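Have a look at the structure below, then the notes.
Because only heavy atoms are used, hydrogens play no part in the values below, and waters and symmetry mates are left out as well, while side chains stay in. Order of the sequence lines sets the chain letters (A, B, ...), proteins ahead of strands, with each chain counted from 1. A quick note: this is a predicted structure, and the numbers were derived from the prediction, not measured.
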Amino acid sequence: MSDPVIELREIHAGYQGDSVLHGVTFAVERGSFGALIGPNGGGKTTLLRVACRILRPYAGEVLLAGLPAASLRQATVAKLIGFVPQATSASFEFSVEEAVLMGRYPHLEGFRRPGRTDLALAEQAMEATGTLQLRDRLLGELSGGEFQRVILARSLAQQPEALVLDEPTAHLDLAYQAEVLDLLRRLNGHGLTILAVLHDLNLAVQYFDHYTLLSGGQILAQGGSGDVLRDDILSRAYGADIAVDRAPDGRVVRVYAQAGNGASLSSIAGRDALGGQRKAPAALRAGEVLPVKQ
Amino acid sequence: MARVPAGKAGSEGTAGHTTPAARRRWFALALAVLLPLALVMAIGFGSTRIPAGEVVRIIGVGARRAVGLGLPVAPGLPPDTAETIVLLIRLPRTLLAAVCGAALSVAGAAFQAVFRNPLADPYILGASSGGALGAAAAILLGLPATPLARLSLPAAAFVGALLAVMLAYTLARRAGGGSPVVLLLAGVVVGAWTSSLLSLLMYFSGRFLAQIVFWLMGGFGGATWRSLAIVSPYMLAGGFVVVTRTKELNALTMGDDAAMGMGVDAERSRRLLVAGATLLTAAAVAVSGPIGFVGLIVPHLVRLVVGADHWRLLPGAAATGALLMVLADTAARTVLAPSELPVGIITALLGGPFFLWLLTRRGYGAWFGGARR
């Protein structure tokens, strides 16, 4: 069973001397379809950045496809893992095709330009994400869902072994959320390993079979829905009274925070309502954990 | 004259009847025709008008002489006035203007990409004022009078420019993790601070004041073949660093994390690109003084026509920048002839309104506020 694409061992990492991850050991098995969940500031994005070697850990070891990440070139890392950061603003006047072709960069040594093979692979990636008909559009003209799919296509053009996504559904409406997650599931069906940070637990339970709960820079729970999505564990992780309603067959119906007055809110709204009472997450201070939006 | 094809293509937008590829071809063709034409016209223009055909003939003679073919041109005749004007005065001057225009435009494009900031240009980030400070300090120290004079001025300007950009970059990095707005503020602060240091130097500069002021006004008045030779190594080095990194430039515009995800070492690439672009800027500033707006506007203008891919943007910006600077310099030395306007006044006069027009274009202003979806 054990053939991890990404393996983190006793990782301590953070920003400017502050620690965000405190000894995280974590593996992403080949072919798995996993969600990384947890409260704001729990270290999810930091974990992804360490896994993609964007952030160097203070201590610990990262193995990518069994190779020590510290000794790899960034281009080699990019061939192993496609990283989809949180959607930032569309930058400059790139066409969709140009943006997707950028996914070929790790495969282009030195000053080489994308060639015919690269274009074919980019077209495949656009085909898979349903963005082929957008190829001549400019990034700035796209809707949020289209933009997210283009970024996904770019990562696919990298031909990675695993795809690591930071909140691929953020800022998307319900239809686009489903569209993106359906696409990820299809890609996983074709053998691509997926690890995604998801904020919306109710959305996560509809798609994912493996969960990793990260809170306070440590992994609180890992496993299937029954191991992770439990009232007691989630309440501890989020520092709020979280309830999980399950159908008789064990399927999760909904996850929600119970506000003091007894009114139940969706998990997102509940967290916002309680946010003020919780300690401000240390990792959010520097504005570095979450990419600074323009 | 340079604006005609670009402006037309820009107003048509991408949804117009021209495909992006056709637009790019027209643009390349227009530049290929207009740039040599502008060079020849510029050389012919002036107090002594020299017909275009004569300019071309003289340049041909000069070129053959330069490569040592020793053409027997009218042996025994007194030196030809037109030949002297073309080969010793106007040709080097026009070429220097072209080279500086190209360098500033390429540097501007690079700065805009690595800082993900459409307002970034060599001047706004403090490279020009830093370079000016360095040059002024060199003048004040009397370096141009030493045997190393011809190299010391560009070198001092380069060091000043590099220090200014590094200072702005470091401040922004510490304050805001590289946010474009913070960077802009840091650049403004460093620019203002550098300017005040410059004022301080000038206040105490005594008999050198006129020399510094004259230098600060910018222009290609004193251009010689030697000035070209002096800046060439700097510009070649800086230009090489930038133009060989079109992939990195493209990736960096997507943000650092995205660039890293594409296999680009963001920090390292940015440092190198900033150094290269600063080298280009500093070399230009050193021989011509600070000339604003070209480095800001030309990349935007060219991006409208050829798109954001730096593989096309950089050559387009270089050619367009060269063309505009040659036209501006020709205007500078002929509009008020026999006296000469500083070319920076002309670029600012034309550049300001153009930039405002750019801002009002549909969708383009959204660049400044972030997402437009």
Contact between [X] and [Y] at the side-chain level, heavy atoms closer than 4.5 Å - yes or no?
X	Y	result
A/Q74	B/V264	no
B/H300	A/E93	no
B/M262	A/R104	no
A/M102	B/M254	yes

Practice problem: Below 4.5 Å from any heavy atom of chain B, which atoms of A/R113 appear? Answer side chain, backbone, both or neither. | Solution: side chain

Quiz item: Between A/L108 and chain B, which part of the residue has a heavy atom less than 4.5 Å away: side chain, backbone, both or neither?
Solution: both

Quiz item: Parallel, tilted or perpendicular: which fits the ring planes of B/F240 and A/F111, with parallel below 30° and perpendicular above 60°?
Solution: perpendicular

Self-check item: Distance in Å, A/F94 CZ paired with B/L313 CG, rounded so as to fall on 0.5 Å steps
Solution: 8.5 Å

Self-check item: Rounded distance (nearest 0.5 Å) linking atom CZ of A/R53 with atom CE of B/M260
Solution: 7.0 Å

Quiz prompt | B/R268 portion near chain A, given a 4.5 angstrom heavy-atom threshold | solution = neither

Exercise. Report the option among A/E146, A/H107, A/R154 that has the most heavy-atom pairs separated by less than 4.5 Å from atoms of chain B.
Key: A/R154

Exercise. Locate the shortest heavy-atom distance separating B/G261 from A/A78; write the atom from each residue and the value.
Key: O-CB, 3.3 Å

